[in-house]
Amino acid sequence: MYLSQDIPKITTHVLQEMKLKGEKIAMLTAYDYSMAKILDESGIDVILVGDSASNVMAGHKTTLPITLNEMIYHASGVMRAVNRSLVVVDMPFGTYQGDSKEALHSAIRIMKETGANAVKLEGGEEIVESINRILSAGIPILGHLGLTPQSINKFGTYVVRATEEKEAEKLRRDAKILEQAGCFGIVLEKIPSQLASEVTQSVRIPTIGIGAGAGCDGQVLVLHDMLGINQSFSPRFLRRYHNLYEEIKGSVGCYIADVKSSDFPNKREQY
Ligand code: KIV
């Protein structure tokens, strides 16, 4: 059995093989060159240039305000850093929901102007026309079901989705629709783990969970959350691997003290 660490470049076909062989897929978000370089060189399988950039990079309350041009800016920086990971770019709110021709135009701009490998769209049946048109241009799509943050104004809250049978049944149906359309994978966000496992077993394409339990084929987290840069977001599903907020604050505090006391720069640090 191969491990994805031995693969020179991750493609959508590699992800499919990983599902078949039971190797879990590791995905994280990145929005800039420097972080993407660290992630790629650490061996991450998939980098998502998420529209969560709207929250963690721009400070908006939701993902809705981020524009196509801003997503292209973030993704271009990421692409300049990456050699091995598969890079997926979120299509921002308003660029694919209404008109499938506009959806294709937006997806083509992302692919042409960034060099990314795939795009991600939120939703199922209601956006299938856009999905079909984008796929017919040879652009790979990662689906996204469950808590789809671009629909926060419809949901009204970020609580776990599909706990009621009616919504769970729609999610099962949507997963099948995305698979049949030709999506290469599906992100499942904040749904009961039992439902996520069931969906994972019912489709041939990989599922990538965030708050959807251990039964998914892979996992994704927002980089700033898992590194502890962002302290204000603490959902149950988040595992923090670092407390970078405190580390950075400590370093900045030391720098300020050194400048104020004229300790920095010393003789060896000047010309
Ligand atoms: O934008 C994002 O970061 C996402 C992940 C939460 C899956 O869509």
Side-chain angles (χ1 to χ4, degrees), residues 15 24-32 35-36 39 44-68 70-75 77-78 85-97 106-107 110 114 116-124 127 140-152 155 158-162 171 174-175 178 183-191 196 199-200 205-213 216-227 229-230 232-240:
L15 300 185
K24 296 276 187 180
I25 297 163
M27 171 162 141
L28 281 172
T29 64
Y31 319 99
D32 65 51
M35 286 293 188
L39 263 52
I44 199 81
D45 297 312
V46 185
I47 292 178
L48 171 66
V49 184
D51 59 358
S52 49
S54 181
N55 308 111
V56 297
M57 301 300 285
H60 292 299
K61 284 202 163 56
T62 72
T63 58
L64 275 69
I66 200 159
T67 65
L68 185 56
E70 287 166 342
M71 288 304 295
I72 288 171
Y73 169 79
H74 287 297
V78 166
S85 310
L86 181 91
V87 177
V88 182
V89 181
D90 257 334
M91 293 191 62
F93 176 68
T95 64
Y96 62 92
Q97 288 93 344
S106 310
I110 290 173
T114 72
N117 308 117
V119 294
K120 176 164 82 60
L121 281 71
E122 295 183 5
I127 57 154
I141 296 181
L142 181 61
H144 186 160
L145 299 174
L147 177 61
T148 45
Q150 291 178 12
S151 300
I152 186 59
F155 297 146
Y158 286 101
V159 295
V160 182
R161 302 307 312 176
L171 192 141
D174 281 342
L178 295 182
C183 291
F184 71 85
I186 307 171
V187 168
L188 296 175
E189 180 162 353
K190 218 168 175 189
I191 61 170
V199 169
T200 299
I205 55 176
T207 61
I208 315 232
I210 172 161
C216 297
D217 297 306
Q219 297 295 325
V220 56
L221 286 175
V222 169
L223 187 66
H224 290 59
D225 298 338
M226 63 84 77
L227 289 179
I229 297 175
N230 177 11
S232 58
F233 184 65
S234 295
R236 172 168 157 180
F237 68 75
L238 174 63
R239 186 177 293 181
R240 277 217 180 89

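No experiment lies behind these values; they were computed from the predicted model shown. Order of appearance sets the numbers: ligands from 1, and atoms from 1 within every ligand.
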query = In terms of atom number and element, which parts of ligand 1 are under 4.0 angstrom from non-hydrogen atoms of I210?
reply = 6 (C)
task = Check whether any side-chain heavy atom of M71 sits under 4.5 Å from a side-chain heavy atom of T95, and report yes or no.
result = no
ask   = Mind checking whether E189 has an N or O less than 3.5 Å away from an N or O of ligand 1?
value = no
message = Among all protein heavy atoms in this structure, tell me which lies nearest to atom 3 (O) of ligand 1, with the distance rounded to 0.1 Å.
response = S52 OG, 2.5 Å
task = Could you list the atoms of ligand 1 found under 4.0 angstrom from a heavy atom of D51?
result = 1 (O)
message = List ligand 1 atoms under 4.0 Å from D90, heavy atoms only on the residue side.
response = 1 (O), 2 (C), 8 (O)
task = Tell me, please, which residues at least two apart from Q150 pass side-chain hydrogen bond (donor to acceptor under 3.5 Å, both in side chains).
result = D51, Y96, Q97
query = Do other residues, nucleotides or ligands put more than 12 heavy atoms under 6.0 Å from the OH atom of Y158?
reply = yes
ask   = With backbone taken as N, CA, C and O and side chain as the heavy atoms from C-beta onward, which portion of L48 lies under 4.0 Å from ligand 1: side chain, backbone, both, or neither?
value = side chain
remark   = H144 heavy atoms within 4.0 Å reach ligand 1 at atoms 8 (O)
key: Per-atom contacts of ligand 1 with V222, taking only distances under 4.0 Å to non-hydrogen atoms   = 3 (O)
ask   = In terms of atom number and element, which parts of ligand 1 are under 4.0 angstrom from non-hydrogen atoms of T29?
value = 3 (O)
inquiry  = Is there a polar contact between ligand 1 and K120, counting only N or O atoms under 3.5 Å apart?
reply    = yes
ask   = So do P149 and E122 actually touch side chain to side chain, heavy atoms under 4.5 Å?
value = yes
query = Can you check whether V88 reaches M27 side chain to side chain, under 4.5 Å on heavy atoms?
reply = no
Donor-acceptor contacts, no H, no angles, side chain residues 217-225, under 3.5 Å, sequence neighbours left out:
| residue | atom | partner | partner atom | Å |
| --- | --- | --- | --- | --- |
| D217 | OD2 | K19 | NZ | 2.8 |
| D217 | OD2 | T207 | N | 2.9 |
| Q219 | NE2 | G213 | O | 2.9 |
| D225 | OD1 | N230 | ND2 | 3.0 |

task = Can you measure from CZ (F184) to CG (L86) and round to the nearest 0.5 angstrom?
result = 5.5 Å
